[in-house]
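Throughout, protein chains are lettered first and strands after them, A, B, ... in sequence-line order, and every chain is numbered starting at 1. As the structure is a computational prediction, the values presented were derived from the model and not from experiment.
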2 protein chains.
Amino acid sequence: MNIRRLADHLNISIGTVSRALNNRPGVHPETLEKVLKAATELGYVANQSGRSLRRGATNTIGFVIETGHPAHQAGDQFFYVVLDAMNLYLAEQRYDLVILPCHSADDPVEFLSRVIARGIVDALVMTATRRVDHRIAQLAKSKLPFMTLGRSETPGNYSWIDLDFEGVARRSVQEAVKLGHRRIAVGLPDNDVALGYHYKAGYLKGLAEAGIPVDESLLIRVPTSELGGFSLGKQVAGMAGQPTALLLCSEVTAAGVYAAFAEMGIEAGRDISVVAFRENPLMRFLNPAPACFRLDLDALGTRLGETVLDLLSPDEEIGRRRGEIVPLTFVQGKSLQPPRNPA
Amino acid sequence: MNIRRLADHLNISIGTVSRALNNRPGVHPETLEKVLKAATELGYVANQSGRSLRRGATNTIGFVIETGHPAHQAGDQFFYVVLDAMNLYLAEQRYDLVILPCHSADDPVEFLSRVIARGIVDALVMTATRRVDHRIAQLAKSKLPFMTLGRSETPGNYSWIDLDFEGVARRSVQEAVKLGHRRIAVGLPDNDVALGYHYKAGYLKGLAEAGIPVDESLLIRVPTSELGGFSLGKQVAGMAGQPTALLLCSEVTAAGVYAAFAEMGIEAGRDISVVAFRENPLMRFLNPAPACFRLDLDALGTRLGETVLDLLSPDEEIGRRRGEIVPLTFVQGKSLQPPRNPA
DNA sequence: CTGTTAGCGCCTTCAT
DNA sequence: ATGAAGGCGCTAACAG
């Protein structure tokens with residue numbers, strides 16, 4: 001079923017049918033109704049290729065994920081919830097959302113070249129942003145509008161939304177210090193992902209404010225995974241001058257840390273305080289409950305949708321590229337308690 | 001950059017350029033080389049809309065997910081690993097993979113109508129299959145080839161791949177019975193998802209083989225989530241005639257069950273034996289280690305890719321629709337031990 | 001308000 | 001081995 005057959009069926013021209021279907025002005029109300037009715041009955045939906053070719057736009061937003069990247073194996077439903085809310089918003093604005101998976105054996109930059117050149121989307125949302133991100137340089141050269149979830153230091157004409165990793169780290173230090181902690185360890189990602197740098201910056205700022213000197217041995221880099229968390233827990237608990245608190249920049253590592261502690265007979269809070277990152281359903285099942293930070297995933301998804309569509313606005317002010325930092329709320333938990341021998 | 005500009009740049013016709021780029025026979029080797037070189041240099045990639053419109057095919061496979069559906073919030077990296085392997089295979093066959101997310105406020109059937117009619121993919125992989133699945137009826141009416149991950153009872157001309165839920169349940173019963181268990185409870189999904197029926201069938205078969213009468217109160221339906229598992233654990237532990245073993249058809253519920261047991265001072269294996277479903281990284285951190293089943297996600301992803309491309313084969317035998325059940329391997333764990341008071 | 005028509009980028013058939 | 005030209009389905013500009 002194409003527009004010609006639909007038009008023939010109605011004995012009118014394809015031009016009128018097209019106008020009717022696209023809500024263009026200047027169609028007789030009666031004709032409009034007839035067209036819409038017939039389209040529904042015959043199950044007509046405009047062919048995307050024809051429309052895109054003609055319009056030079058696809059009305060589709062691409063969400064790029066790297067299926068091999070640890071940020072996406074983070075486990076819980078983070079992306080599902082965010083995507084759901086984002087998709088809902090985009091649908092209201094008559095945009096489609098497709099997820100473009102870049103597999104682990106592919107080069108992310110080449111992958112993007114193809115996406116850009118083939119013109120399958122009008123704008124992109126990038127994830128797993130690195131501090132220095134070649135994909136951003138690549139996109140900046142093209143004319144395809146894009147935004148990133150996560151800041152990068154690579155310049156370019158794009159918008160971004162980032163979680164307040166720096167604020168979370170700083171607040172975590174403050175909460176620990178308030179209870180008397182002075183030897184505070186931190187688990188950081190072992191790759192170039194941007195959030196690691198911001199988290200570290202917040203940690204350092206927090207220490208500086210409290211007048212605590214930095215001990216490099218307390219900055220521990222591990223893979224962002226359960227296993228990484230396990231290793232982190234073992235390392236921290238086995239250190240010569242055992243820290244009294246441990247801060248985490250990822251929720252998946254928390255389970256690993258708890259498991260390592262369990263094996264060693266260490267209890268979070270009582271022996272070593274733990275501040276996790278994002279509150280998630282799994283945390284409900286860690287005992288004692290981890291102190292962590294709450295994030296409205298639904299609002300984040302909607303905001304992503306708004307921001308990416310703003311990129312396409314002809315209005316210069318709306319279309320202006322902008323950055324936005326999403327705050328998280330501290331949630332008290334039994335994993336954070338005064339140290340046994342306050343300094 | 002389009003094919004015309006590339007052709008002009010080379011001072012040859014677009015027909016020749018197209019032939020060269022598509023590996024068609026009858027292009028002078030020298031010309032071929034020149035074209036490929038220029039295409040790389042100028043960053044030319046065929047526009048997808050133009051190509052699709054002309055060819056009537058997109059060289060793209062769609063993977064449909066429902067972002068609001070519990071099957072996808074299952075937590076761990078199941079889909080990421082499967083998608084990565086599938087994508088890799090498809091890329092080798094020069095196909096692209098896109099993920100099409102159907103959001104929770106959308107009607108899955110309407111969503112598919114749009115996907116079908118707009119012609120954005122050549123074939124679909126469906127997930128979260130229901131026992132009675134309207135989407136399958138819908139797709140069967142269309143001419144779009146598709147396959148499902150998970151069987152359904154809805155008829156249609158499609159291929160499917162399913163995990164051996166029935167075999168897993170039956171084997172779980174056998175292992176429990178072998179150790180002396182007779183009161184064996186089972187956690188089932190509280191919705192129409194197909195796997196629940198197969199798991200139940202295997203459970204019943206296992207009981208029948210062991211000559212154990214069915215006690216309906218031991219079939220417990222809970223949401224497929226950590227919280228559902230938590231509720232399940234509480235129910236099982238609190239029952240009048242407490243079961244000595246509990247079988248799970250989903251890995252996410254395991255964490256919840258363990259948490260519920262922990263709160264009640266019950267230890268898996270010692271007090272109530274537990275057989276979980278799929279072995280995953282998180283299980284590493286449940287204590288005592290759950291008995292479960294191993295699945296090669298990588299192989300599953302590749303197999304999905306092969307199966308979906310087979311649908312498009314002009315060779316009648318290769319293109320034949322077929323069903324395939326993927327076996328899982330039993331992995332012993334300390335959560336499965338003889339009951340304290342063997343029957 | 002409606003009909004006609006050009007052309008988006010590409011591939012393929014036909015002619016050379 | 002290459003060039004020329006039609007047409008996939010659609011929308012927008014123009015003519016009526």
inquiry  = Testing the basics here: between B:Cys102 and B:Pro108, what is the closest heavy-atom pair and its distance to 0.1 Å?
reply    = SG-CA, 3.9 Å
task = Return yes when atom CD of B:Glu316 has more than 12 non-hydrogen atoms of other residues, nucleotides or ligands closer than 6.0 Å, and no otherwise.
result = no
Result block: side-chain N/O donor-acceptor pairs under 3.5 angstrom for residues 3-14 of chain A, not counting sequence neighbours:
residue, atom, partner, partner atom, Å
A:Ser13, OG, A:Thr16, N, 3.4
A:Ser13, OG, A:Thr16, OG1, 3.3

ask   = For DNA chain D, what residues of residues 114-123 of chain B have any heavy atom nearer than 4.0 Å?
value = none
request  = Determine whether the side chains of A:Asp133 and A:Ser152 contain a donor N or O and an acceptor N or O closer than 3.5 Å.
outcome  = no
key: From CA spacing to verdict: side-chain contact (heavy atoms from CB on, under 4.5 Å), A:Asp96, B:Arg118   = CA-CA 12 Å; A:Asp96 281 328; B:Arg118 298 172 53 154; 2.5 Å; yes
key: Strand-adjacent residues in residues 19-29 of chain A, judged by heavy atoms under 4.0 Å from DNA chain C   = A:Arg19, A:Gly26, A:Val27, A:His28, A:Pro29
query = Which pair of non-hydrogen atoms, one from B:Tyr95 and one from B:Thr60, has the smallest distance, and what is that distance?
reply = CD2-N, 4.0 Å
request  = Check A:Pro101 against B:Leu97 and note the closest heavy-atom contact, atom names and distance.
outcome  = CD-O, 3.2 Å
Distance-only donor-acceptor pairs under 3.5 Å for side chains of residues 30-41 of chain B, two or more places apart:
residue, atom, partner, partner atom, Å
B:Lys37, NZ, B:Glu41, OE2, 3.3
B:Thr40, OG1, B:Leu36, O, 2.8

query = Is atom NE2 of A:His134 surrounded by more than 12 heavy atoms (other residues, nucleotides or ligands) closer than 6.0 Å?
reply = no
inquiry  = Pair A:Thr58, A:Ile120 - check side-chain contact (heavy atoms from CB on, under 4.5 Å), show working.
reply    = CA-CA 7 Å; A:Thr58 61; A:Ile120 56 181; 5.6 Å; no
Residue-level proximity of residues 5-17 of chain B to DNA chain D when a heavy atom falls under 4.0 Å = B:Ile12, B:Ser13, B:Thr16
B:Ile3 or A:Thr31, whichever maps to the more 5' nucleotide of DNA chain C = A:Thr31
query = Please give, in whole Å, the distance from C:dG9 C1' to B:Arg4 CZ?
reply = 9 Å
message = Expected output is a numbered-order residue list: members of residues 44-55 of chain A with a heavy atom under 4.0 Å from any atom of DNA chain C. What is it?
response = A:Leu53, A:Arg54
query = How are the rings of A:Tyr158 and A:Phe146 set to each other: parallel, tilted or perpendicular (split at 30° and 60°)?
reply = parallel
query = Are A:Arg114 and A:Asp106 close enough, and set up right, to give a salt bridge (Lys or Arg N to Asp or Glu O under 4.0 Å), and what steps lead you there?
reply = CA-CA 12 Å; A:Arg114 296 199 305 269; A:Asp106 200 357; 2.9 Å; yes
ask   = Take atom CG in B:Asn23; do more than 12 heavy atoms of anything else shown fall under 6.0 Å from it?
value = no
